[in-house]
Number of protein chains: 2
Amino acid sequence: MFHLESVSKQYQQGDKTVSALDTTTLDIQRGEFIAIVGPSGSGKSTMLTLLGGMLAPTSGKVWFGGQSLYDLTVTERAELRRLKMGFVFQTFNLIPYLTALENVEVPLLLRGDSKQNQRRRALELLDQLGLGDRAHHKPNQLSTGQQQRVALARTLANDPCVILADEPTGNLDPESRNQVLAFLEEFHRQGKTIIVVTHDPEVARRAARTWQMNAGGVGHLLASQTP
Amino acid sequence: MFHLESVSKQYQQGDKTVSALDTTTLDIQRGEFIAIVGPSGSGKSTMLTLLGGMLAPTSGKVWFGGQSLYDLTVTERAELRRLKMGFVFQTFNLIPYLTALENVEVPLLLRGDSKQNQRRRALELLDQLGLGDRAHHKPNQLSTGQQQRVALARTLANDPCVILADEPTGNLDPESRNQVLAFLEEFHRQGKTIIVVTHDPEVARRAARTWQMNAGGVGHLLASQTP
Ligand SMILES: Nc1ncnc2c1ncn2[C@@H]1O[C@H](COP(=O)(O)OP(=O)(O)OP(=O)(O)O)[C@@H](O)[C@H]1O
Ligand SMILES: Nc1ncnc2c1ncn2[C@@H]1O[C@H](COP(=O)(O)OP(=O)(O)OP(=O)(O)O)[C@@H](O)[C@H]1O
Ligand SMILES: [Mg+2]
Ligand SMILES: [Mg+2]
């Protein structure tokens with residue numbers, strides 16, 4: 001499904017070069033559940049954003065479903081993302097002037113669902129994530145962990161075939177985290193491809209494979225694990 | 001040091017009332033290390049912000065060093081915070097147009113330190129938190145966990161006698177988290193009062209006492225623990 005072909009990312013910081021992702025080649029199969037782990041600053045968000053079509057590599061190609069993502073136009077890439085990918089950002093990126101419910105409805109609106117279906121689907125997701133009674137709160141009327149779960153609900157709303165989640169449980173207590181994990185595992189069982197960046201060994205444990213990153217964006221696959 | 005006297009916080013949501021903190025009475029001694037734990041949305045950030053003089057309660061009084069915080073003027077309260085408290089926000093609140101180093105220097109600048117001392121002190125803190133080579137990056141040129149550590153460094157910069165930290169390790173891998181915890185424990189040994197909100201049982205374990213919160217902001221002290 002994804003093929004990273006000698007992909008790397010550097011930033012220029014004055015006269016210094018920062019290596020965010022070292023030259024990387026990796027295949028991610030359709031329907032796989034893979035975790036990306038590593039220390040803070042090791043390049044996990046960089047790798048996920050490259051995969052998600054939102055950050056052009058300095059070198060190499062990112063293939064998704066047979067297409068070279070960064071050889072498409074910005075519009076083509078955005079359209080492909082809208083149809084196929086759900087991205088949970090590490091800092092949520094909720095729309096501040098919309099309620100939790102309206103935030104979750106946005107992808108459904110773009111999909112052209114009936115207003116009634118949108119509302120029903122969005123409420124169902126919020127409910128399953130323990131936010132049923134917070135549907136009409138705006139982001140600044142929610143706790144941080146509640147905002148994180150709204151971001152997840154929005155990602156799942158239009159049923160994307162690929163879910164890319166950046167630290168989806170970082171602000172959650174163990175119980176809420178397990179709720180989110182159960183969700184991701186259920187989506188995985190339905191055949192979706194799940195790529196999760198996480199610091200939590202408990203989350204990584206649920207994946208079939210783990211890509212371990214280290215300082216400078218150097219990565220490798222860990223020895224095979226049984227989930 | 002702190003005395004919460006029948007303190008509560010409610011929000012009006014249309015015709016509904018949301019209880020963020022249930023009526024709470026609690027003493028926190030000078031030099032204590034206390035953890036506040038509980039599920040997402042249970043009122044932890046609310047409690048910490050009330051203690052930190054940044055959110056007026058709906059009822060009751062918050063006493064700090066013998067003064068009723070919310071009977072002071074806004075200016076008096078801000079000054080007391082500046083002199084005595086260090087607050088690590090759950091969403092960091094870094095100044096986006098300043099570098100990591102400049103962000104950490106801000107409280108030192110307000111303290112009137114010499115420019116040379118400011119720079120030295122700030123660099124030392126960043127270095128101890130593993131960010132020595134990121135000093136000249138702006139927040140958007142840092143990973144999320146790196147931003148979190150800059151927020152911590154800024155809090156510690158002017159050596160406050162009370163540290164209030166809201167989820168200071170939520171975005172950190174186990175190793176970075178242990179580095180931060182070692183820092184907090186060192187500050188505690190120097191006689192500082194540490195109040196940490198956390199989802200991480202490993203973090204709570206290091207505190208002498210734990211205040212457990214539940215939905216609706218209802219809290220109680222857990223049976224005594226040995227750190
Ligand atoms: N715009 C930029 N300019 C310079 N350096 C950058 C920029 N963006 C990121 N970096 C650096 O690239 C490295 C990788 O960043 P990335 O956000 O991918 O890390 P991460 O593994 O997601 O970290 P965390 O676990 O803290 O979220 C970091 O060391 C960071 O300082
Ligand atoms: N401005 C507001 N209006 C209405 N409700 C609010 C407002 N701010 C917070 N709340 C509600 O108050 C409750 C407590 O919020 P708080 O941020 O203290 O939770 P928390 O324990 O810190 O959660 P987390 O672990 O997710 O950070 C939440 O259920 C939240 O929805
Ligand atoms: Mg990251
Ligand atoms: Mg909180």
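Note on naming: letters A, B, ... go to the chains in the order of the sequence lines (proteins, then strands), and numbering restarts at 1 for each one.
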### Message
Which atoms of A:Ser176 are under 4.5 Å from chain B, going by heavy atoms: the side chain, the backbone, both sets, or neither?
### Response
side chain
### Query
What residue, out of A:Gly14, A:Pro174, A:Ser40, has the most heavy-atom pairs lying under 4.5 Å from chain B?
A:Ser40
### Message
Within the supplied structure, the quantity of interest is the number of heavy atoms (other residues, nucleotides, ligands) at a distance under 6.0 Å from A:Glu202 CD; does it exceed 12?
### Response
yes
#### Entry: Atom CD of A:Glu175: over 12 foreign heavy atoms under 6.0 Å
no
### Query
Among B:Gly41, B:Ser42, B:Pro201, which residue forms the greatest number of heavy-atom pairs with chain A at distances under 4.5 Å?
B:Gly41
### Query
Of the backbone (N, CA, C, O) and the side chain (C-beta and beyond), which part of B:Arg177 lies under 4.5 Å from a heavy atom of chain A, both, or neither?
neither
### Query
Do other residues, nucleotides or ligands put more than 12 heavy atoms under 6.0 Å from A:Gln116 CD?
no
### Query
Looking at side-chain heavy atoms only, is the closest gap between A:Thr144 and B:Glu167 below 4.5 Å?
no
### Message
Considering only residues two or more places apart or on different chains, which pairs with a residue in residues 178-188 of chain A satisfy side-chain hydrogen bond (donor to acceptor under 3.5 Å, both in side chains)?
### Response
A:Glu185-A:Arg206, A:Glu186-A:Arg189, A:Glu186-A:Gln190
#### Entry: Top contributor to chain B contacts, counting heavy-atom pairs under 4.5 Å, from A:Gln90, A:Gln146, A:Lys44
A:Gln90
### Contact leader toward chain B among A:Gln148, A:Arg134, A:His136, A:His137, where contacts are heavy-atom pairs under 4.5 Å
A:His137
### Query
Under a 4.5 Å heavy-atom cut-off, does chain A meet the side chain of B:Ser143, its backbone, both or neither?
side chain
### Task
Please assess B:Val18 against A:Gln141 for the test side chain to side chain contact (heavy atoms under 4.5 Å, CB included), listing each intermediate value before the final yes or no.
CA-CA 10 Å; B:Val18 175; A:Gln141 297 169 327; over 6 Å; no
### Task
For the pair B:Asp173 (side chain) and A:Gly38 (backbone), establish whether a donor and an acceptor sit closer than 3.5 Å, ignoring hydrogens and angles.
no
